[in-house]
Structures are given as structure tokens and as C-alpha cells.
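Data block below; observations after.
Quick caveat, the model's predicted, so the values are computed rather than measured. Here is the naming used below: chain letters follow the sequence lines, and residue numbers restart at 1 for every chain.
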There are 2 protein chains.
Amino acid sequence: MTGTSGTTTGTAPAGRGRRERLRAETTAEIKDTALGLMASGGPDAITLRAIAREMGMTANAIYGYFATRDDLVTTLIDDVYSALADAVEAAWAHAPAEGPATRILAWARAFRTWALANPEGFRLVYGDPVPGYRAPEEGPAPDAARRVCTGLAGLAAAAWPYAEPLYRDSAFGWDDFDAGLLDKVRPAFPDLPPAGVALALRLWGHLHGLVALEVYGHLGRQTTSPDKLFQEELNRLVTTLGVPKTSG
Amino acid sequence: MTGTSGTTTGTAPAGRGRRERLRAETTAEIKDTALGLMASGGPDAITLRAIAREMGMTANAIYGYFATRDDLVTTLIDDVYSALADAVEAAWAHAPAEGPATRILAWARAFRTWALANPEGFRLVYGDPVPGYRAPEEGPAPDAARRVCTGLAGLAAAAWPYAEPLYRDSAFGWDDFDAGLLDKVRPAFPDLPPAGVALALRLWGHLHGLVALEVYGHLGRQTTSPDKLFQEELNRLVTTLGVPKTSG
DNA sequence: CCGTGCACTTCACGGCGTATAGTTTTCTCA
DNA sequence: TGAGAAAACTATACGCCGTGAAGTGCACGG
């Protein structure tokens, strides 16, 4: 809050710092307003005109901060995806280190909990964000995606001592994976072989499927207990991996 | 093609039958045009004006056939979802009956193959179809969803003789599931207990996750071999269920 | 104190869904 | 066969949307 001004001395906010600060504040307000609109009306409610209306501006004023609406959406995805990555990393870090099972369960539950608490954010990150939007190849969002994948690799690495015998016949090699992902994963988990990275992606698919079906309302039309389903499947998953259970 | 006229005699296409036939043809042309637009430009390309342009009409003419754009989209979803259900049911039916594993693999591969061949259709059915669209509670699409779930229940039923011991501690009861789903599943698979239906939904999540990540381009950014990943995970899944393998 | 640059507004264009009213074609029936 | 009803379709209009071009006013740097 008390800005890192940079050039000028202290109390008097003169100089170039002020303009930059105002600019940053407005940028943040635009993003906050957009996130608010998304929370109340879904990703489709993110329109430049609606944001401007809410802020008492003209829509075109936003073009001073974002070159286009897709740019704004990209920034939002970056933020939201990073928040998701933060959430699951925090859950992993704070889970009692009783054993792999506890941390794996904590990570997976955090993933689902975040998704159910931020369904619009989940759609923004993993679905069709907004009409006509196409995701860029690089930037913070792919970085966040790799953070999530790295977290998954952590799950795989934790389970690997137990699960390794089950994946002996895996035909995966390092060249089956994106270099940017391996740059993060291999230093973090040097003992994890390619088959272990593949396991991470399998876990991703496994968890993503149940959560996505639930967030998009498909699961809720078939069962009244998605909680139970997720919990049981999680226990089953841990068992399947050969990881010894610790507690529920 | 040679219409079922109804009232009038034969060659002369007079009477009410002709109008109805023309109406049905125009309706079909609208849907075909919409599907074509979706295939080329994604679900967002489905606009009444674009359809009308393509057909040499005014946009408002479509209102004679569909009350609103969402109605049209709903109809498209119905068709596409039914096509998906047809595809997986056909794969199941035509798979060599060597054993459960073969049929399970056939079903799962058909699901993924269809999704990759019709990515826009997959998005239409399982994602945010179009801005602001909200799915109706009943109609052909939910029916198709239940058909797919019933197919999944078939997988579960086929695996159940082997997998049953693994799910002894399942806490599911009949009241955990939608009545409409059970109306289809229980007559088809009388021996499948609630835990087996739950297994069907777990399988759904499992497969959906990998396929959805791939269709939406998230998986392809991490691995260059999604095929291999899906295939290995499928084998792993069958093994995990305790189903004896037959062939690749 | 003047000039420059930035934040912002105004106006405009084309595209969207859709409501209302009017027009043309087609079928029905006395 | 001809009048009337009904259906199919067009025309016009409204309020949304993203976005481009041009204009305005104020804060800043020299």
C-alpha cells in the first residue's frame, strides 16, 4: 500500500512516481471491477463498457491501460491462475507432513475447494474464457500452468517410492514433455523419471475431470453427493498408488 | 425424401404435408449451417445473422423456427450430444466380445476419438457453449447425458465382477443418484449396486479430465504425446479395476 | 509560463440478439 | 374459384458490444 516510490524523497508524492502510482491504481481497479463482474455474471459479463460504467468512465478510457479486451482477459487469467497455483501450493506446504497420503489429499482437496469457490475463475482458466478469445503461447498463465503441473509432480514424486513398480513398463522419455515444464520439474524433483512426470499429468486429468464435470454442472445432474464421490475416488486413488494411508 | 404426405394422394405435393416438409427442411438447413459455422469458427461463430447470411435470409426469419438463439443452441447440443452417445454406444456394441477389457478400452477410445474429431462439439456439450447460455433441466441433452452415463455404467458393470472387492467400503446408496439416471441404469444392469454406479461416475471423471484437458489445449502444452498418456492411463485403469487383459 | 504528453471524452462504424410491424406467398375452405 | 386466414419472410429499430479516430483539458517538465 505505502508505495515504493523510487525517485523522490518521501511524503510529498511529486515527480513521475505519482503518475505511475495513479496508473497502477487505475489498472488494479479495472482488474478488480472485471473480476467482480465475472463473479456476479460469469466470464461473459466482462465487457469493457460494463467495467467503464461501474467505474464512471468511458469504455475507451480502458484502452489506455489494455490494448484490447483480450489483453485484459489475458491479464485476468494470469491473476486467477496464479491464485489457484498459490492455493494448492499453500495447501501442500501447510499439510501435516505425516506422509505422502496426507499431502496428496490436501493438494487435491484444495484444488477442488478452490474450483468450487471460484467456479467462474475455473471456467476462465480451463474453459472457453470469452467469445473469440485465444490463449497466448507464453506469459504468466502458462507459467502458472507449469506451477500447477509442478505441484502435481510433487504429488507424483511423493507417491513415486510406492508407485514406481506399477509404472515399470511406461514408455515415456524426457522428450515427451515440454521443455519449460521440465525446467521446473527436474530441478525440483531430481529423482523423478519421465514415467513419474507422466503420472503427474495423469493425476491432473483424473482430478480435473471430476472437478470440471462438477463445476460445469454435469455431475450434479447425476449424483446428489459429488463430495462423497470425490472423497472416495481420492481415497481409492491413494490406495491405487500404493501409498500407505495415514488419516482421513 | 419422398415425403409422407398424409392427406393428399401422391404426385401433386399439395396439402399441409408440403408445408411441413419445407419447414422441416429449412429447420434442418439452419441447424446444418450452424454446425458448419461452429466447425469452422468455433461455437462463438454461431450467430443468427451469420446463419441467415449463409442461407440468403434475414436473421429474423430464423425466429420462425427457433424462438431464440439459445433455443437453437439447445437443439444443436441435443444433436451433438446424441451423436456422441451414438458413437460410444456403437463402439461398445461393435467391440469384439473377448472380455470386459476390450470393450472398456473400445468405449474409452471412442470417447476420446470423437472428442478430438469434434472438439467444437465437445466444447458445446461440456463447456460454456455460447455467451450467456444456460442449459435447460430436461430435454434430449440430459437424456443423451444419461445415455452416456448408462454406457459408463455398462463399463462399470463389465468390470464389477473383478472390481467389486475394491469397493466394499463404499458408502453409496441409491438415493445418492438422480432418479432419471437410475431409471435407465438399474433395468439395464440389475446386478450393479450403488457403488457400481458411483464407479461409473468416477470413470466418467477420469476419462473426461484427460480428454477435456487435451481438447482445450492444456495438455498439449505440457506433453507432446497425449496419445501415449491416454493409452497408458487406460491400460493402468483396466489393471487397477482388476479386469484381466485380453489384447492391446 | 509555455509546450508537451497523457487521461479521458465524443463520435462513429459494424456486428450482435431481438421486438414490432408490414409484406408477400401459400394453403384452406365455402 | 375466389376470399380470407395463416405462414414465411422482410424492414426498421433499439440497445448492447469492441474498437478506431479525433478532440479536450489538465498536470507535468523545461
Near-strand residues of residues 50-66 of chain B, defined as heavy-atom separation under 4.0 angstrom from DNA chain D: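 Here the set is B/Met57, B/Thr58, B/Asn60, B/Ala61, B/Tyr65.
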
With B/Asp227 via salt bridge (charged side-chain N to carboxylate O under 4.0 Å, His left out) - residues at least two apart: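 Partners of B/Asp227 by the salt bridge (charged side-chain N to carboxylate O under 4.0 Å, His left out) criterion, ordered by chain and then number, come out as B/Arg112.
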
Taking all heavy atoms of A/Arg123 and all of A/Pro43, pick out the closest pair and write down the distance.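 Closest pair (atom of A/Arg123, atom of A/Pro43, distance): CB-CG, 4.3 Å.
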
Five-pair end axes of the helix from C/dC1-D/dG30 to C/dA30-D/dT1, angle between them (10°): 10°

Run the side-chain hydrogen bond (donor to acceptor under 3.5 Å, both in side chains) test against A/Ser225 and tell me which residues pass, sequence neighbours left out. B/Asp176

Starting at the 5' end of DNA chain D, which residue's closest nucleotide do you reach first, B/Arg49 or A/Leu48?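 Nearer the 5' end of the strand: B/Arg49.
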
Is there a donor-acceptor contact under 3.5 Å linking the side chains of B/Arg146 and A/Gln222? no

Whole-Å distance between C/dC6 P and A/Glu25 CD? 19 Å

CZ of B/Arg21 versus P of C/dT26: gap in Å, rounded? 13 Å

What contact category does B/Thr26 fall into here, base, sugar-phosphate, or nothing, at under 4.0 angstrom with non-hydrogen atoms?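 Contact class for B/Thr26: none.
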
Quick test of your reading: applying ring pair (Phe, Tyr, Trp, His ring centres under 6.0 Å), list the pairs with at least one residue in residues 203-225 of chain A, sequence neighbours left out, ordered by first then second residue.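 The answer is A/Phe122-A/His208, A/Tyr126-A/His208, A/His206-B/His206, A/His218-B/Tyr126.
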
Expected list for residues 48-65 of chain B: side-chain donor-acceptor pairs under 3.5 angstrom, two or more places apart:
none

